[in-house]
Amino acid sequence: MDQLRSTLDIIPAIDIKDGKVVRLIQGMVEKMQIYSLSPVDVAIRWGQEGARIVHVVDLDGAFEGRAVNKDLIKRIIDKAGVSIQVGGGLRKMEDIEEYLSWGVERIILGTSAVEDASFVSTVCSIYPRRVYVAMDVKSGKVAIRGWRSVSNFAPEEFIRMMEGRGVGGIVYTDISRDGTLKGPNIDLLKRVLENTRIPVIVSGGISSLADVESILNIGAENLKGIIIGKALYTGAISLRNAIDLLRKKSL
């Protein structure tokens, strides 16, 4: 399990909408819950509790198709003392260049990964290993545009396509489980991990330390990270305890 110790992160999620930290259920804005008025303070907290990297999503950007919360994300970078990965509305090279110049560890492309093949290939050629793509799966297909639309791509086809474009990795979310605290679909997750050798970060439905352990027990060498969202905000999972579990499993 040495691979886990050196490469696998427990990654707390910060979803930003209207300047606030929120969580959605299955991507539905009408089921939004507000957990903090200060994303910066939340990022600082996760860093203090042991996070190496935080998953930041510009939800306004995802819905509008442009980077909306850049100033707020810049404050997180400057003040939080943790690495971050950023997604949501990244469809312009200048936004990507700016984020990476600020010290963002990796950027995550969503809709553009499906709709603009040349853009993804270009970004990956310039920033190898720093570009991940979101594979948000809904009803067996990859969803786009803030999860409001569904593409024609099945996960397996999407993975092959992204491998051909040279992406650094995939952030896989099971939309049916996201924000529900019902636990991940381990069988589907196994299939995703087995379908590629590139790094995979997983999210969606993680509700307990037992869920984290179940994912770790898959034993996939390409498992790069486990994103935890709502369970941290409700107190169902302690970030410190999740990180301690990872360390114990990696010994």
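Fair warning: this is a prediction, and the values are worked out from it, not measured in the lab.
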For the residue pair [X] and [Y], establish whether any side-chain heavy-atom pair is separated by less than 4.5 Å.
{"X": "Ser203", "Y": "Thr173", "value": "yes"}
{"X": "Val131", "Y": "Ile126", "value": "no"}
{"X": "Gln33", "Y": "Leu24", "value": "no"}
{"X": "Thr196", "Y": "Asn222", "value": "yes"}
{"X": "Leu90", "Y": "Asp58", "value": "no"}
{"X": "Leu100", "Y": "Glu105", "value": "no"}
{"X": "Arg160", "Y": "Phe158", "value": "no"}
{"X": "Tyr172", "Y": "Ile201", "value": "no"}

Look at the side-chain heavy atoms of Ile, Leu, Val, Met, Phe, Trp and Tyr, link any pair under 4.5 Å apart, and say whether [X] and [Y] land in one connected group.
{"X": "Ile10", "Y": "Leu245", "result": "yes"}
{"X": "Ile170", "Y": "Val142", "result": "yes"}
{"X": "Val40", "Y": "Val86", "result": "yes"}
{"X": "Ile53", "Y": "Leu72", "result": "no"}
{"X": "Ile77", "Y": "Ile16", "result": "yes"}

Give me the atom names and distance for the closest heavy-atom approach of [X] to [Y].
{"X": "Gly168", "Y": "Pro199", "result": "O-CD, 3.2 Å"}
{"X": "Arg23", "Y": "Ala13", "result": "NH1-CB, 3.7 Å"}
{"X": "Gly183", "Y": "Asp211", "result": "CA-OD2, 3.4 Å"}
{"X": "Pro39", "Y": "Ile76", "result": "CB-CD1, 4.0 Å"}
{"X": "Met93", "Y": "Phe119", "result": "N-CE1, 3.8 Å"}
{"X": "Met135", "Y": "Pro155", "result": "SD-O, 3.8 Å"}

(request) Mark yes or no for whether Ser125, through its side chain, and Thr122, through its backbone, hold a donor-acceptor pair below 3.5 Å. (result) yes
(message) Strictly distance-based, threshold 3.5 Å: is any side-chain N or O of Arg165 a donor or acceptor partner for the main-chain N or O of Ser118?
(response) no
Verify the distance criterion only: is there a donor paired with an acceptor across the side chains of [X] and [Y] at less than 3.5 Å?
{"X": "Asn185", "Y": "Asp174", "answer": "no"}
{"X": "Gln85", "Y": "Arg106", "answer": "yes"}
{"X": "Glu97", "Y": "Tyr99", "answer": "no"}

Return the set of residues passing salt bridge (Lys or Arg N to Asp or Glu O under 4.0 Å) with [X] (not counting sequence neighbours), or none when no residue passes.
{"X": "Lys70", "value": "Asp95, Glu98"}
{"X": "Asp116", "value": "none"}
{"X": "Glu49", "value": "Arg45"}
{"X": "Glu115", "value": "Arg145"}

(request) Tell me, with the steps shown, if Arg91 and Thr111 meet side-chain contact (heavy atoms from CB on, under 4.5 Å). (result) CA-CA 8 Å; Arg91 302 182 195 176; Thr111 299; 3.4 Å; yes
Nearest 0.5 Å, please: how far is [atom2] in [Y] from [atom1] in [X]?
{"X": "Ile84", "Y": "Ile11", "atom1": "CD1", "atom2": "CD1", "answer": "12.0 Å"}
{"X": "Asp15", "Y": "Asp60", "atom1": "CG", "atom2": "CG", "answer": "10.5 Å"}
{"X": "Leu193", "Y": "Ile159", "atom1": "CG", "atom2": "CD1", "answer": "8.5 Å"}
{"X": "Trp102", "Y": "Asp78", "atom1": "CH2", "atom2": "CG", "answer": "8.5 Å"}
{"X": "Arg75", "Y": "Asp41", "atom1": "CZ", "atom2": "CG", "answer": "10.5 Å"}
{"X": "Glu194", "Y": "Glu156", "atom1": "CD", "atom2": "CD", "answer": "11.0 Å"}

(request) Look at Arg247 together with Asp244 and state whether they make a salt bridge at an N to O cut-off of under 4.0 Å. (result)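 Answer for the salt bridge query: yes.
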(request) Evaluate side-chain contact (heavy atoms from CB on, under 4.5 Å) for His55 paired with Ile108, printing each intermediate quantity in order. (result) CA-CA 10 Å; His55 178 72; Ile108 302 165; 3.5 Å; yes
(request) Give the intermediate values and the outcome of side-chain contact (heavy atoms from CB on, under 4.5 Å) for residues Val133 and Val171. (result) CA-CA 6 Å; Val133 295; Val171 179; over 6 Å; no
Identify each donor-acceptor pair in which a side-chain atom of residues 235-243 lies under 3.5 Å from a protein atom, sequence neighbours left out, and give them as a table.
unit_1	atom_1	unit_2	atom_2	d
Ser238	OG	Arg240	N	3.4
Ser238	OG	Asn241	N	3.2
Arg240	NH2	Gln48	O	3.1

(message) If you count heavy atoms of other groups shown closer than 6.0 angstrom to CZ of Arg52, is the number above 12?
(response) yes
Contacts table for residues 212-220: side-chain donor-acceptor under 3.5 angstrom, sequence neighbours left out:
unit_1	atom_1	unit_2	atom_2	d
Ser214	OG	Ala210	O	3.0
Asn217	OD1	Lys249	NZ	2.5
Asn217	ND2	Glu213	O	3.3

(request) Take the angle between the ring planes of Trp46 and Tyr233 and call it parallel below 30°, perpendicular above 60°, tilted in between. (result)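 Aromatic pair Trp46/Tyr233 classed perpendicular.
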(request) Walk me through it: do Ile227 and Val202 pass the test side-chain contact (heavy atoms from CB on, under 4.5 Å)? (result) CA-CA 6 Å; Ile227 295 173; Val202 304; over 6 Å; no
